[in-house]
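What follows is a short report on a single structure.
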Amino acid sequence: MFWTMKKKLYRMQHQVMKVASAVLPFPIPVLLTGPGSVGKLAENIRIRGLKHVMIVTDKILMGLHLPDGLLKSLTENNIKYTIYDKVQPNPTIQNVEDGRTLYKQKKCDSLIGFGGGSPIDCAKIIGARLSNPYLSVRRMKGLFRVILPTPPLFCVPTTAGTGSETTVAAVISDPDTHEKFAISDLKLIPKIAVLDPELMVGLPPHITSTTGMDALTHAVEAYIGLNGNKFTDENAENATRLIFENLEKAYKKGTDLTARNNMALASFYGGSAFTRAYVGYVHAIAHTLGGMYGVPHGLANAVILPHVLEFCRKEAEKKLAQLAIAGGIGEKGESDKELSKRFIEKVKSMNKKMKIPAYIKELREEDIPHIAGKALDEAHPDYPVPRIMTQEECEALIRKLLP
Ligand SMILES: NC(=O)c1ccc[n+]([C@@H]2O[C@H](COP(=O)([O-])OP(=O)(O)OC[C@H]3O[C@@H](n4cnc5c(N)ncnc54)[C@H](O)[C@@H]3O)[C@@H](O)[C@H]2O)c1
Ligand SMILES: [Fe+2]
């Protein structure tokens with residue numbers, strides 16, 4: 001009885017959120033796309049009258065000299081830069097604070113998040129802290145807690161996965177509590193997003209595959225959730241089709257610029273879908289595994305996705321069938337049941353072909369009740385999932401991920 005009431009309350013909140021996300025003025029970043037597009041960013045920053053940008057990135061990307069072209073064009077445009085390159089995968093609150101201190105010391109006036117989701121999210125939260133010094137990172141956890149707008153923020157993704165370059169979200173870890181949580185606010189949407197496939201050609205196969213599966217998870221969770229609309233459905237369908245057609249190509253041959261370009265677009269479309277229609281249990285569990293064990297986000301999503309889809313297959317049957325058709329793996333006229341099952345098999349076979357394991361190697365049986373509790377705390381009531389899970393169902397699902 002109590003559970004039935006609770007589920008009703010969740011559904012009422014989903015209805016309210018659906019209306020809110022349809023009317024909220026989501027800004028869309030200006031897009032610079034195609035091979036070499038990163039070279040156009042500096043000029044766009046100069047036009048805005050900005051003089052000193054802080055680039056937030058990581059040491060690996062610096063070691064690969066990936067930002068070199070951007071740095072050169074900044075200099076050519078008389079824009080000074082300061083580099084903060086200590087962002088860790090699953091960035092931490094400390095990364096944010098260190099970046100913020102450097103920005104203030106160097107008197108920067110704008111931010112570029114350059115890298116995968118980790119540097120981009122870190123740049124977003126550095127921005128939020130800079131303009132809201134009285135709000136701690138923790139205080140901004142959740143929806144719409146960033147009061148004042150960030151300094152101008154530009155994003156250059158070097159992975160095709162998170163879609164962070166267009167989303168309201170920034171995900172951060174607190175190593176003290178082993179918690180990983182999202183800050184979501186319209187003010188975190190960047191002014192400009194650069195989708196340059198040339199920056200992605202050196203992305204190693206295992207990161208290509210897992211980040212690509214993150215993008216697919218965004219599209220799927222947004223599509224089967226109850227808060228989608230025409231815009232998010234179209235974006236999710238486009239993302240799914242591009243991922244089915246291009247991810248394995250990019251995985252096998254990293255230098256395939258067409259596949260990389262299509263994956264960069266897919267990631268952006270997936271982000272555009274979930275930022276308005278939310279994610280679901282795959283992300284809730286993945287965030288918890290990221291916070292507890294540092295499991296990379298895309299890897300966790302890839303492993304969890306088929307299990308969550310099996311859990312809600314009946315409730316999401318129609319949408320999964322439509323997505324199968326949009327993704328090019330089914331025809332109109334086939335049964336929804338058949339198509340929805342094929343969709344799940346497709347996800348499993350992509351994982352297998354790209355050597356993504358079917359388990360989480362760090363997972364320990366004794367942690368499962370805690371992980372399930374944390375994941376459900378994240379998902380309820382915010383995520384408009386097609387089928388609501390109990391603690392026991394969540395534990396049973398997570399148990400399937402044991403090595
Ligand atoms: N803000 C959002 O909307 C959103 C959405 C989904 C996920 N996330 C978050 O994003 C983070 C994950 O981001 P990610 O999956 O992009 O990974 P990441 O940024 O952590 O990068 C993973 C690794 O790949 C390397 N790398 C990145 N680009 C490279 C390139 N072009 N060549 C070679 N190596 C490269 C990085 O140096 C790093 O070692 C997580 O914290 C996740 O929770 C955010
Ligand atoms: Fe994600």
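Every number for a ligand or one of its atoms is a count from 1 in the order of the listing.
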Determine, step by step, whether Arg364 and Asp367 satisfy the salt bridge (charged side-chain N to carboxylate O under 4.0 Å, His left out) criterion, reporting the C-alpha distance in whole Å, the side-chain angles of both residues, the deciding distance to 0.1 Å, and the verdict.
-> CA-CA 6 Å; Arg364 293 182 314 184; Asp367 294 338; 3.2 Å; yes
Where on Leu64 is there a heavy atom closer than 4.0 Å to ligand 1, on the side chain, on the backbone, on both, or on neither?
-> side chain
At what distance is the nearest protein heavy atom to atom 5 (C) of ligand 1, and which residue and atom is it?
-> Thr162 O, 3.4 Å
Atoms of ligand 1, numbered as shown, that sit under 4.0 Å from any heavy atom of Pro119 = 19 (O)
For atom 37 (O) of ligand 1, what's the nearest protein heavy atom and its distance?
-> Asp58 OD2, 2.8 Å
Residue Leu61 vicinity, atoms of ligand 1 by number, heavy atom under 4.0 Å | 26 (N), 27 (C), 28 (N), 29 (C), 30 (C), 35 (C)
More than 12 heavy atoms of other groups within 6.0 Å of Lys40 NZ = yes
In this structure, are over 12 heavy atoms from other groups packed under 6.0 Å from Arg139 atom CZ?
-> no
Considering heavy atoms of the protein only, find what lies nearest to atom 25 (C) of ligand 1 and give residue, atom and distance to 0.1 Å.
-> Ile207 CD1, 4.1 Å
Distance flag, aromatic centroids of His218 and Tyr223, threshold under 6.0 Å = no
Hey, looking at atom 27 (C) of ligand 1, which of Thr217, Thr158, Ile189 has the closest heavy atom?
-> Thr158
Expected output: side-chain Asp185 to main-chain Val146 donor-acceptor under 3.5 Å | yes
Using a heavy-atom cut-off of under 4.0 Å, does the side chain or the backbone of Thr210 touch ligand 1, or both, or neither?
-> neither
Check each atom of ligand 1 against the heavy atoms of Asp214 and keep those under 4.0 Å away; list them by number with element.
-> 6 (C), 7 (C)
Within-shell test, Gln88 vs ligand 1, heavy atom, strictly < 4.0 Å = no
Heavy atoms only: which of Thr159, Ile172, Leu203 is nearest to atom 16 (O) of ligand 1?
-> Thr159
Return a yes/no value for Pro89: is any of its N or O atoms, backbone included, closer than 3.5 angstrom to an N or O of ligand 1?
-> no
Does CD in Glu365 sit with more than 12 non-hydrogen atoms of other residues, nucleotides or ligands closer than 6.0 Å?
-> yes
Does His218 reach ligand 1 with a nitrogen or oxygen that is under 3.5 Å from one of the ligand's nitrogen or oxygen atoms?
-> no
Can you find a protein heavy atom closer to atom 21 (O) of ligand 1 than 4.0 Å?
-> no
Does Pro296 have a heavy atom less than 4.0 Å from any atom of ligand 1?
-> no
His283 vs Phe274 aromatic rings, parallel, tilted or perpendicular, using cut-offs 30° and 60°?
-> parallel
Can you check whether Leu402 reaches Ile360 side chain to side chain, under 4.5 Å on heavy atoms?
-> no
Regarding Lys191 and the six-membered ring of Phe154, is the cationic atom NZ or CZ under 6.0 Å from the ring centre and inside 45° of its axis?
-> no
Report the name of the N/O/S atom of His218 located nearest to the Fe ion (ligand 2).
-> NE2
Could you tell me the residue and atom name of the protein heavy atom closest to atom 3 (O) of ligand 1, and the distance to it rounded to 0.1 Å?
-> Thr167 OG1, 2.6 Å
Please identify which atoms of ligand 1 are closer than 4.0 Å to at least one heavy atom of Phe274.
-> 3 (O), 5 (C)
Kindly indicate, with the supporting measurements, whether the criterion salt bridge (charged side-chain N to carboxylate O under 4.0 Å, His left out) is fulfilled by Glu378 and Lys141.
-> CA-CA 11 Å; Glu378 173 177 326; Lys141 174 180 170 179; over 6 Å; no
Tell me which one of Gly270, Ser267, Pro204 gets a heavy atom nearest to atom 34 (N) of ligand 1.
-> Pro204
Which is the closest N/O/S atom of Asp214 when seen from the Fe ion (ligand 2)?
-> OD1
For Glu345, the option from Arg342, Lys341, Lys348 that meets salt bridge (Lys or Arg N to Asp or Glu O under 4.0 Å) | Lys348
With only distance considered, is Leu66 within less than 3.5 Å of ligand 1 through an N or O on each side?
-> no
Of Lys180, His287, Arg260, which has the heavy atom at the shortest distance from atom 40 (C) of ligand 1?
-> Lys180
Flag yes if more than 12 heavy atoms outside Glu310 fall under 6.0 Å of its CD atom; otherwise flag no.
-> yes
Show the numbers, then the answer: is there a salt bridge (charged side-chain N to carboxylate O under 4.0 Å, His left out) between Asp98 and Lys86?
-> CA-CA 9 Å; Asp98 293 347; Lys86 298 193 180 61; over 6 Å; no
Mind checking whether Trp3 and Tyr10 have parallel, tilted or perpendicular rings, split at 30° and 60°?
-> perpendicular
Hey, what do you get for CG (Leu339) to CD1 (Ile329), rounding to the nearest 0.5 Å?
-> 8.0 Å
Among protein heavy atoms, which sits nearest to atom 39 (O) of ligand 1, and what does the distance come to when rounded to 0.1 Å?
-> Ile60 CD1, 3.4 Å
Classify the contact between Asp121 and ligand 1 as side chain, backbone, both or neither, using a heavy-atom distance cut-off of under 4.0 Å.
-> side chain
Looking at atom 15 (O) of ligand 1, what's its closest protein heavy atom, distance included?
-> Thr211 CG2, 3.3 Å
Are the ring centres of Phe231 and Phe26 closer than 6.0 Å?
-> no
Tell me, do Ile356 and Met213 make a side-chain contact under 4.5 Å, heavy atoms counted?
-> yes
Which heavy atom of the protein is the closest neighbour of atom 18 (P) of ligand 1, given with residue, atom name and distance?
-> Ser118 OG, 3.4 Å
Taking distance alone, with no angle check, do Gly117 and ligand 1 share an N/O pair under 3.5 Å?
-> yes
Identify, by atom number and element, the atoms of ligand 1 in contact range of Gly116, meaning under 4.0 Å from any of its heavy atoms.
-> 16 (O), 19 (O)
Pick one of side chain, backbone, both or neither for how Leu199 approaches ligand 1, counting any non-hydrogen atom pair under 4.0 Å.
-> backbone
